[in-house]
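Throughout, residue positions are numbered sequentially from 1 according to the sequence presented.
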Amino acid sequence: MSELFAAEGAHVLRDTSDLRPLEAADRLIAAAGQVDVLVANLTRRNPRTTVAETPDTEWEAMYDDMVHPLHRLVRAVLPQMIARGRGKIVVMGSANALRGTSLRAAYSAARGAQVAYVRNAGIEVAPHGININIIAQNYVSNPKSYSPEKLALPETAEALKQVPAGRPAEGWESAALALLLASSDSDFFHGQVFPFAGGWTA
């Protein structure tokens, strides 16, 4: 994604620091200076435990990694965007927030909180010329989930039968949608959820 944005002329600051500390988001935005586009890609590994076996520590960690930092990042960047009367915030979320599946209650709850947050925050800041939207994705190629080696496994082929498209998305396809939402072509989108999962959910 960084490469695609840079190719379009953006000055990209990519940060992978721990955003769980209370002041981390504020420090990051202050260090960045003017932020015209914020892409928030917050994630945590899904342990795939049953509801009965999900401890409080894992439940809370999902929100500590994916929900609380999202609010802090948005809160930190909004004053400068409101002052300029424009800004784009794109959240990389998960389609698990839109479709129930087993062994993902904690993960999907946190992803669902991201969706609810974007829907509400996006409407609130729309009069200021700011667009906040979320991409709810699943089955997107990356080195961990859908490497060439994993795609060759029979169980991967079986899992992809759930996807009407019959394949995982290429990373550039997801990045292209994010680029659209970061551009002036998306000025009429406010607080919207864009499923991106090859038809797995809509």
Side-chain angles (χ1 to χ4, degrees), residues 1 15-25 39-75 89-124 132-169 171 173-174 177-178 191-202:
M1 183 182 300
D15 183 86
T16 59
S17 63
D18 182 4
L19 293 176
R20 287 174 293 181
L22 286 175
E23 304 302 324
V39 179
N41 188 9
L42 303 163
T43 188
R44 181 178 174 83
R45 183 185 64 84
N46 174 21
R48 290 184 169 83
T49 54
T50 66
V51 171
E53 295 171 336
T54 301
D56 287 346
T57 52
E58 187 60 46
W59 178 271
E60 292 165 0
M62 290 292 177
Y63 282 76
D64 287 340
D65 283 344
M66 295 193 289
V67 181
H68 303 147
L70 175 60
H71 170 59
R72 293 171 190 146
L73 284 168
V74 172
R75 182 178 62 191
I89 299 174
V90 182
V91 180
M92 306 306 292
S94 172
N96 281 288
L98 308 180
R99 172 175 166 170
T101 53
S102 298
L103 307 180
R104 291 176 172 85
Y107 177 83
S108 296
R111 290 301 196 180
Q114 289 181 331
V115 167
Y117 182 82
V118 166
R119 282 176 167 157
N120 286 271
I123 298 304
E124 180 180 318
I132 306 179
N133 297 290
I134 185 167
I135 300 172
Q137 64 182 21
N138 200 1
Y139 298 104
V140 178
S141 294
N142 62 69
K144 290 185 179 180
S145 299
Y146 294 103
S147 64
E149 294 77 16
K150 187 167 182 179
L151 286 171
L153 296 175
E155 53 264 37
T156 304
E158 186 65 27
L160 287 173
K161 288 181 180 178
Q162 302 180 76
V163 184
R167 64 170 180 88
E173 293 177 291
S174 174
L177 178 53
Q192 292 188 225
V193 183
F194 293 87
F196 185 81
W200 183 71
T201 189

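- In plain terms, the two heavy atoms of Ala95 and Asn138 that are nearest each other are CB-CB, 3.8 Å.
- Residues that satisfy the salt bridge (charged side-chain N to carboxylate O under 4.0 Å, His left out) test with Asp56, not counting sequence neighbours, are absent from this structure.
- Between Gln114 atom CD and Tyr63 atom OH the span is 10.0 Å, to the nearest 0.5 Å.
- Scanning for side-chain contact (heavy atoms from CB on, under 4.5 Å) contacts around Ala178 gives Met1, Phe5, Val90, Met92, Ile135, with sequence neighbours left out.
- Partners of Ser108 by side-chain hydrogen bond (donor to acceptor under 3.5 Å, both in side chains), not counting sequence neighbours: none found.
- Here Arg119 pairs with Val115, Val193 under the side-chain contact (heavy atoms from CB on, under 4.5 Å) rule; sequence neighbours left out.
- With sequence neighbours left out, Arg44 forms a salt bridge (charged side-chain N to carboxylate O under 4.0 Å, His left out) with Glu58, Asp65.
- Two residues are said to be in side-chain contact when any heavy atoms from C-beta on lie closer than 4.5 Å; Pro168 and Leu160 meet this criterion.
- In this structure the side chain of Tyr117 never reaches within 4.5 angstrom of the side chain of Ile134, judged on heavy atoms.
- Partners of Glu173 under the side-chain hydrogen bond (donor to acceptor under 3.5 Å, both in side chains) rule, at least two apart in sequence or in another chain, are Arg167.
- Distance check, rounded to the nearest 0.5 Å: CZ of Arg45 to OH of Tyr107 gives 11.5 Å.
- Residues passing the side-chain contact (heavy atoms from CB on, under 4.5 Å) test with Ser102, sequence neighbours excluded: none.
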Practice prompt. Apply the test side chain to side chain contact (heavy atoms under 4.5 Å, CB included) to residues Ile89 and Val74: give CA-CA distance (whole Å), side-chain angles for both, the deciding distance (0.1 Å), then the verdict.
Written response: CA-CA 8 Å; Ile89 299 174; Val74 172; 4.1 Å; yes
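- Residues in residues 153-163 take part in these side-chain hydrogen bond (donor to acceptor under 3.5 Å, both in side chains) pairs, two or more places apart or across chains: Tyr139-Gln162, Glu158-Lys161.
- Considering every non-hydrogen atom in both Gly198 and Pro164, the closest pair reads O-CD, 3.2 Å.
- For Arg20, the CZ atom is loosely surrounded, since the number of other residues' heavy atoms within 6.0 Å does not exceed 12.
- The backbone N or O of Ala136 sits nowhere less than 3.5 Å from a side-chain atom of Ser94 that would complete a donor-acceptor pair.
- Looking at heavy atoms from C-beta onward, Phe194 lies in side-chain contact with Asn133 at the 4.5 angstrom threshold.
- Atom CD1 of Ile132 is separated from atom CD1 of Ile123 by 9.5 Å, given to the nearest 0.5 angstrom.
- Between Gly171 and Val140, the closest heavy-atom pair is CA-CG1, 4.2 Å.
- In this view, Thr50 and Glu53 satisfy the side-chain hydrogen bond (donor to acceptor under 3.5 Å, both in side chains) rule, not counting sequence neighbours.
- In this structure, the side chain of Asn41 does not engage the main chain of Val39 through any donor-acceptor pair within 3.5 Å.
- Pairs passing the salt bridge (Lys or Arg N to Asp or Glu O under 4.0 Å) check and including a residue from residues 99-113, sequence neighbours excluded, do not occur.
- Note: Asn142 CG to Ser174 OG = 10.0 Å, rounded to the nearest 0.5 Å.
- With sequence neighbours excluded, no residue forms a side-chain hydrogen bond (donor to acceptor under 3.5 Å, both in side chains) with Gln192.
- Smallest separation of non-hydrogen atoms from Trp59 and Thr54: N-CG2, 4.3 Å.
- Take Pro69 and apply the side-chain contact (heavy atoms from CB on, under 4.5 Å) test, not counting sequence neighbours, and it matches Leu19, Leu42.
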